[in-house]
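Protein chains get the first letters and strands the later ones, always in sequence-line order, with residue 1 at the start of each. Atom set for the values below is all heavy atoms of this structure, side chains included, hydrogens, waters and symmetry mates excluded.
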Amino acid sequence: MVPTTTVSGITDQELARRENLRRVRELGVEPFPYRFEFTHRAAELRLLGEGKDSASLKSMGEFAIAGRVVAYRSSGKTAFLNLQDDHERIQVYLRRDDEVNDSGTTSGQGEANWPVIKILDLGDFIGVRGRLMRTKTGELTLQAVGVQGFEFLGKSLRPLPFPKVEEVKDEAGKVVERKTFQSSLFSDIEARYRQRYADLAVNPEVANIFRLRTTIVQEVRQYLVEHSFLEVETPTLQAVYGGASARPFVTHHNALDIPLYLRISNELYLKRLIAGGFDRVFEFVKDFRNEGIDRTHNPEFTQVEFYQAYADYNDMMVHFQAIWQRAAKAVLKLKARRSALARGLSMEGLQTEFAAIEAGQVPLVYQGRELSTFFGDWEKLPVKTALKRKGVDIDALSDQELQALIQTNHWELDGTYSRGRAMMLAFEKLVEPELWEPAFVMDHPAESTPLCKVHRNDPTLVERFEPAIAGMEVGNSYSELNDPIVQRRLLEAQVERGRGGEEETHPLDEDFLRAMEYGMPPMGGVGIGIDRMTMILTDQSSIRDVLLFPLQKPE
RNA sequence: GAUUCGGUAGCUCAGUCGGUAGAGCAGCGGCCUUUUAAGCCGUGGGUCGAGGGUUCAAAUCCCUCCCGAGUCACCA
């Protein structure tokens, strides 16, 4: 925790780097130049060089790459460096003296640059121009050629937390084995979140999670676009918040001198747009909810919501399942491609694997446990049916019997008793803990939400579903209420409850009611939590591992 | 909020029964023109999370607090 500090307040290692910076300048080299013209990235060079020997590599001409020095092995008058660009690595070879090249002339590469090369620090950025070669051990390497072969691109003044090498010793204390161990990746969890830049720079597999996250978002967007949904943008700052039950963050607009709220949902705005005649809309949004932080909650989180006119919640289930399966397949393919080389998989082998993924034959695994029905049709699980299976037949129980059930189990019902609340409590206690395979938990009690249509076959229920995967709620969907009179009654009742001291109800949104009064078509709506979706598809156990910058207490 | 575990060098960690604070990597000074765990020689670096207590003596035992992670609860 407490660093080795000097009088000036910086560590000895930082001091050494500042000294190296001074020396670079002294050698007439600008340590922070403007640009570098690279021709390829490390990954591209590796692809180009695959299966070629040194002779044919050298005949391919010159290449230039730029990146960060992540390993440095100097042996007197040569140096091998691992250069990292875009989280891919390639070895580069620098020499002090001239080397006679193919055409018999000298390359004159290192002499001028050598003093600078010698004082490179891990983390420095450099550019290298030269020819590809293979070392004795067969590693593809870019060898710098000529005085133009090396350029300094940016000095690092602070040591990056590169992983260490573990030593395995025998009884006599002799080192018998050393290995880089994954668990020693920059592992101070707090520091990893606070200094995500350092985490990303030294842990390429962390960076990969965020690449996968982007892929997931792109797949979802692509699906919606292909199904004629229009991407729109609605306000983050709202004078009246609503669309979910949550406490908002409050802010203030100076010029208007009014309070404003960061949205807890964009639902009411997207419905306004349906009223405005856009039949299918969607939006990726950050929602903000003033709540605690844990493994599955962050105060700001990303959702995609979409609304479709003339559709109901059954139609939305089809979309929901298709979107998740599509994104999951994309993730599995990327993972397969990434590990193909390490697994010695040929191009044909990879194609076969892709076909299997596309056919849903490669299982999705979360935290070591298979989601075996994921690529099939997901179970539809009405709350009442699930409870019946557990021996609780809600419709056959009187209020007294329901209350007795709660008491004998020592469950705690918050708020006042109602049949619907009791039903959801029993569901949480009896059914939820056992949910693992994807399931559309559906047909919730009517009082669970004011924005949903009453169930067409049961007036005590609404047409709502909340899909659960690996025990996590990953979305929410309704046959959306479009009767303005009923809507007003439900929202007003909620405002009344709010005055009664119940938290997390919304103020009355008159403008939303006005939009509904002009007329709204029937519609289905869905919200998908992108963070939890990314958790499940990338096999991460904490929401903070799929957020680049999770909320942290200030240092 | 309850509870468990943790905080020792830049990083990852060890530290026995309370007895001069350690290792690897990183750093610094050398040697080494195909290394990749580079190697060899030498070397600097510590408010042991903070404060208090017990003791001749505390990283170690006790108390309080701070910070973090996990689990549960709350929340969704």
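The local environment of CZ in A/R158 is sparse, with at most 12 non-hydrogen atoms from other residues, nucleotides or ligands closer than 6.0 Å. The number of heavy atoms from other shown groups lying within 6.0 Å of CZ (A/R134) is above 12.
A/E473 places its CD atom 10 Å from the P atom of B/A76, with the value rounded to the nearest Å. The CG-C1' distance, from A/N203 to B/C11, rounds to 12 Å in whole Å. Nucleotide B/A26 holds its P atom 15 Å from the CG atom of A/D124, rounded to whole Å. Rounded to a whole Å, the CE atom of A/M535 is 18 Å from the P atom of B/A76. The interatomic distance linking A/R289 (CZ) with B/C75 (C1') rounds to 11 Å, in whole Å. At whole-Å resolution of the value, CD in A/E19 and P in B/A26 are 20 Å apart. Whole-Å rounding puts the A/Q13 CD to B/U12 P distance at 13 Å. Here the C1' atom of nucleotide B/C32 and the NZ atom of A/K118 are 12 Å apart, to the nearest Å.
For the OP1/OP2 pair of B/A69 and a distance below 4.0 Å, the side-chain nitrogens and oxygens of A/R192 include no atom meeting the criterion. The shortest distance between the side-chain N/O atoms of A/S245 and the OP1/OP2 oxygens of B/A76 is below 4.0 Å. Contact between the side-chain N/O atoms of A/R73 and the OP1/OP2 oxygens of B/U34 is not found at any separation under 4.0 Å. OP1 or OP2 of B/C28 sits under 4.0 Å from a side-chain N or O of A/N20. Put simply, A/R295 has a side-chain N or O that comes within less than 4.0 Å of OP1 or OP2 on B/U71.
Relative ring orientation between A/F320 and A/W324 is described as parallel, the plane-to-plane angle staying below 30° on a 0-90° scale split at 30° and 60°.
Taking the C1' atoms as reference points, B/C63 lies 27 Å from B/C72, given to the whole Å. Here the separation of B/A59 from B/U54, taken at their P atoms, is 16 Å to the nearest Å. Remark: the separation of the P atoms in B/C61 and B/C17 is 10 Å, to the nearest Å.
Remark: B/G46 base-pairs with no nucleotide; criterion is Watson-Crick or G-U wobble with both hydrogen-bond distances under 3.5 Å. When both pairing distances are held under 3.5 Å, B/U34 makes no Watson-Crick or G-U pair with any nucleotide shown. Figure legend. B/G68 is base-paired to B/C5; pairs are counted as Watson-Crick or G-U wobble with both atom distances under 3.5 Å. Nucleotide B/C61 is matched to B/G53 when pairs are restricted to Watson-Crick or G-U wobble geometry with both distances under 3.5 angstrom. Pairing for B/C13 is with B/G22, a Watson-Crick or G-U wobble pair whose two hydrogen-bonding atom distances lie under 3.5 Å.
At least one donor-acceptor pair under 3.5 Å links the side chain of A/R532 to the backbone N or O of A/E473. In terms of modelled atom types and a separation under 3.5 Å, the side chain of A/E88 and the main chain of A/D85 share no donor-acceptor contact.
If you check every strand for non-hydrogen atoms under 4.0 Å, A/D294 touches a base. At the heavy-atom level, A/R89 lies nowhere under 4.0 Å from the strands shown. Within 4.0 Å (heavy atoms only), A/T296 reaches no atom of the nucleic acid at all.
Along RNA chain B, the nucleotide nearest to A/R17 and the one nearest to A/T135 differ in position, and the one closer to the 5' end is contacted by A/R17. Nearest-nucleotide positions on RNA chain B for A/T141 and A/R23 put A/R23 closer to the 5' end.
Side-chain contact, A/R46 with A/H40: no donor N or O sits under 3.5 Å from an acceptor N or O.
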